[in-house]
Amino acid sequence: MTAPKKLFVKTYGCQMNVYDSERMAEALAPAGYVTTQAAEEADLILLNTCHIREKAAEKVYSELGRLKPLKAANPRLKIGLAGCVAQAEGAEILARAPAVDLVVGPQSYHRLPALEARARAGARAVETEFPAEDKFDALPARPKARRGPTAFLTVQEGCDKFCSFCVVPYTRGAEASRPAARVLAEARDLVERGVREITLLGQNVNAYHGAAEGGEWSLARLIRALAAIDGLERIRYTTSHPCDMTDDLIAAHGEEPKLMPYLHLPVQSGSDRILKAMNRKHTAESYLRLIERLRAARPDILMSSDFIVGFPGETEEDFAETMALVEAVGYGQAFSFKYSARPGTPAAERPGLAAEVADHRLQRLQALLTKQAQAIQQAMVGREVTVLFEKAGRLPGQMAGKSEHLHAVHAEAPGMAPGALRRLRIVAANPHSLTGALLPETAPA
Ligand code: SAH
Ligand code: SF4
Ligand code: F3S
């Protein structure tokens with residue numbers, strides 16, 4: 001028997017890339033590959049790249065520079081470029097970087113075994129088409145290995161929104177939803193293998209409209225069907241667009257106990273003028289009304305968001321409106337970025353702000369968001385939460401997991417197995433986590 005070949009995948013960017021990296025490893029398993037955590041022993045290294053903010057291609061070139069000695073030491077080593085930089089600039093990188101043996105865009109991962117074989121035969125290969133077949137359907141069935149208690153599951157990919165700053169519609173292509181039956185089958189398989197919490201993924205996950213018997217299913221319908229799977233305890237989804245937050249999805253937050261009370265709903269800015277220039281198609285007011293309705297359905301829902309500061313034309317008044325929106329919402333968590341001009345996007349044509357202005361605004365916004373997140377963490381002290389334990393904590397006897405609100409929680413729990421779902425009382429708030437104490441398990445009624 002020939003020794004297995006070793007695959008090392010380095011993942012950048014969003015959760016969908018994390019999911020895709022796992023799928024790439026599965027796609028290459030029939031070609032004799034097992035994954036390794038050590039780049040030095042790899043026969044194939046895949047860089048699963050992200051193109052969302054600046055210097056994406058530069059990062060790839062410097063990573064390739066770091067990998068060069070490995071290639072010199074191991075003539076069998078092939079290097080592949082995957083993900084959104086591969087889609088956007090793959091052909092150019094292949095021309096400029098001789099170390100790269102293959103380039104594969106996000107829609108073509110099922111073609112990896114063929115591309116790898118071609119690269120081994122000495123022909124460098126690029127595959128960045130948007131093929132008609134579904135890459136997920138074409139991937140082989142997974143081995144039934146046990147896995148950890150949480151998993152991602154991509155249900156929707158691509159984007160038709162064309163926010164004026166964003167590369168995703170170009171790198172991931174048009175919006176497409178996976179058929180509901182395939183999603184349910186994958187979820188059942190994950191649960192059989194030990195998964196208790198599934199996060200549904202999509203660039204616009206709440207635009208989901210998957211083919212199903214009797215027509216199309218919305219995300220809310222899909223969530224309700226997933227909730228009927230025994231053994232699946234928690235459902236989350238990300239990332240949502242405010243314009244696709246439908247009545248049935250809001251209602252599901254009030255009605256479906258397995259749907260966790262946490263929502264990442266990026267707003268980007270609090271200024272209607274800037275939102276218009278961003279082509280976001282919602283206003284600050286419509287966003288705030290949406291959150292009111294979500295909170296009416298599920299009062300304890302914790303909100304999260306993304307923000308861009310320093311968008312071309314943003315004035316101090318526009319920025320003040322963003323700060324006011326943050327004050328009005330009260331976020332449990334949020335990500336904020338300095339605007340980065342992306343080649344090929346409409347906003348990149350407009351003159352940008354001075355870097356110091358944007359930097360100063362980003363600092364002020366981040367200070368406010370951190371203050372809010374910490375106040376919410378502090379307010380958890382004394383409250384009861386349910387935690388899904390995922391792994392051993394840093395100290396002996398400790399376990400770490402997440403609360404319903406996605407707070408990181410650790411507790412003394414000697415002998416507890418990952419996957420246990422337990423009630424805890426929060427006893428302390430630390431800067432990035434909560435400390436809990438196990439409550440006695442109530443006897444079944
Ligand atoms: N589909 C998601 C966002 C995907 S990108 C959504 O619509 O919310 C993740 C985040 O990166 C965005 O929400 C935005 O805040 C940020 N981002 C995207 N393009 C950017 C750019 N050109 N400069 C700075 N931040 C950007
Ligand atoms: Fe990008 Fe806008 Fe689509 Fe989100 S909704 S992926 S920000 S274009
Ligand atoms: Fe990055 Fe592509 Fe995800 S650009 S954020 S890896 S969709």
Side-chain angles (χ1 to χ4, degrees), residues 9-21 24 47-57 59-60 81-90 105-107 109 128 152 154 156-176 201-208 237-245 263-270 274-275 277-282 287 303-312 314 322 331 333-350 352-353 355 358-359 361-362 365-366 369:
V9 187
K10 182 159 180 178
T11 308
Y12 304 80
C14 63
Q15 290 145 326
M16 195 172 286
N17 268 7
V18 175
Y19 178 86
D20 283 347
S21 289
M24 286 195 267
L47 303 178
N48 193 7
T49 58
C50 173
H51 202 235
I52 201 81
R53 278 169 292 274
E54 79 192 307
K55 303 205 174 83
K59 274 189 212 151
V60 170
L81 195 64
C84 290
V85 177
Q87 185 64 43
E89 301 182 33
Q107 301 312 320
Y109 294 152
T128 50
F152 294 132
T154 293
Q156 178 280 339
E157 195 168 353
C159 182
D160 295 339
K161 298 277 191 295
F162 290 94
C163 299
S164 63
F165 51 80
C166 183
V167 294
V168 170
Y170 312 97
T171 62
R172 293 277 167 168
E175 205 175 283
L201 297 183
Q203 268 89 31
N204 252 294
V205 72
N206 58 343
Y208 178 83
Y237 60 94
T238 198
T239 296
S240 295
H241 192 286
C243 295
D244 293 316
M245 214 58 221
L263 181 61
H264 183 63
L265 192 65
V267 66
Q268 313 300 353
S269 168
I274 294 298
L275 287 170
M278 288 177 163
N279 193 30
R280 286 290 293 183
K281 301 195 169 76
H282 58 81
Y287 178 85
M303 296 305 303
S304 160
S305 182
D306 293 339
F307 296 90
I308 295 178
V309 300
F311 188 81
E314 184 187 75
T322 298
Y331 286 100
Q333 204 209 337
F335 303 93
S336 44
F337 311 101
K338 189 163 79 163
Y339 168 74
S340 164
R342 308 307 292 125
T345 61
E349 315 274 302
R350 302 173 205 166
L353 298 195
D359 283 335
R361 286 181 193 163
L362 187 63
L365 176 60
Q366 288 185 339
L369 290 168

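Both counts, for ligands and for their atoms, begin at 1 and track the order of listing.
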What's the shortest heavy-atom distance between [X] and [Y], and which atoms?
X	Y	answer
T322	S269	OG1-OG, 3.5 Å
Y109	G83	OH-N, 2.9 Å
P312	I274	O-CD1, 4.2 Å
S21	N48	OG-ND2, 3.0 Å

Inset, instruction - List the steps, then state whether side-chain contact (heavy atoms from CB on, under 4.5 Å) holds for S240 with L263. - result: CA-CA 8 Å; S240 295; L263 181 61; 4.1 Å; yes
Inset, instruction - Run the numbers on C84 and R172 for side-chain contact (heavy atoms from CB on, under 4.5 Å), then give the verdict. - result: CA-CA 7 Å; C84 290; R172 293 277 167 168; 3.3 Å; yes
Legend entry - Between E157 and Q107: side-chain donor-acceptor atoms closer than 3.5 Å: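 Present: a donor and an acceptor within the cut-off.
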Inset, instruction - Could you please spell out the steps behind the side-chain contact (heavy atoms from CB on, under 4.5 Å) verdict for C163 and Q268? - result: CA-CA 10 Å; C163 299; Q268 313 300 353; over 6 Å; no
Legend entry - Any residue meeting side chain to side chain contact (heavy atoms under 4.5 Å, CB included) with S304, in chain and number order, not counting sequence neighbours: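 Side chain to side chain contact (heavy atoms under 4.5 Å, CB included) list for S304, sorted by chain: Y262, H264, Q333.
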Inset, instruction - Compute the ring centroids of F165 and F337, then answer whether they are less than 6.0 Å apart. - result: no
Inset, instruction - Could you please spell out the steps behind the side-chain contact (heavy atoms from CB on, under 4.5 Å) verdict for L201 and T238? - result: CA-CA 5 Å; L201 297 183; T238 198; 3.8 Å; yes
Inset, instruction - Mind jotting down which protein residues get a heavy-atom contact under 4.0 Å with ligand 3? Chain and number order, please. - result: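 Contacts of ligand 3 under 4.0 Å: C14, N17, T49, C50, H51, I52, C84, R172, Q203.
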Legend entry - Crowding at NZ, K59 (>12 non-hydrogen neighbours, <6.0 Å): no
Inset, instruction - Write down, by chain and number, every protein residue that brings a non-hydrogen atom to less than 4.0 Å from an atom of ligand 1. - result: I52, R53, F165, Q203, T239, P266, Q268, R280, D306, I308, F337, K338, Y339, S340, R342
Inset, instruction - Show which atoms of ligand 2 fall inside a sub-4.0 Å distance from at least one heavy-atom site of F165. - result: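 Listed by number with element, the hits are 7 (S).
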Legend entry - atom 3 (Fe) of ligand 2: protein N, O or S atoms that are less than 2.8 Å away, sorted by chain: C159 SG
Inset, instruction - Let me know which of Q203, H241, K281 forms a side-chain contact (heavy atoms from CB on, under 4.5 Å) with K161. - result: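 Between K161 and the candidates, side-chain contact (heavy atoms from CB on, under 4.5 Å) is satisfied uniquely by H241.
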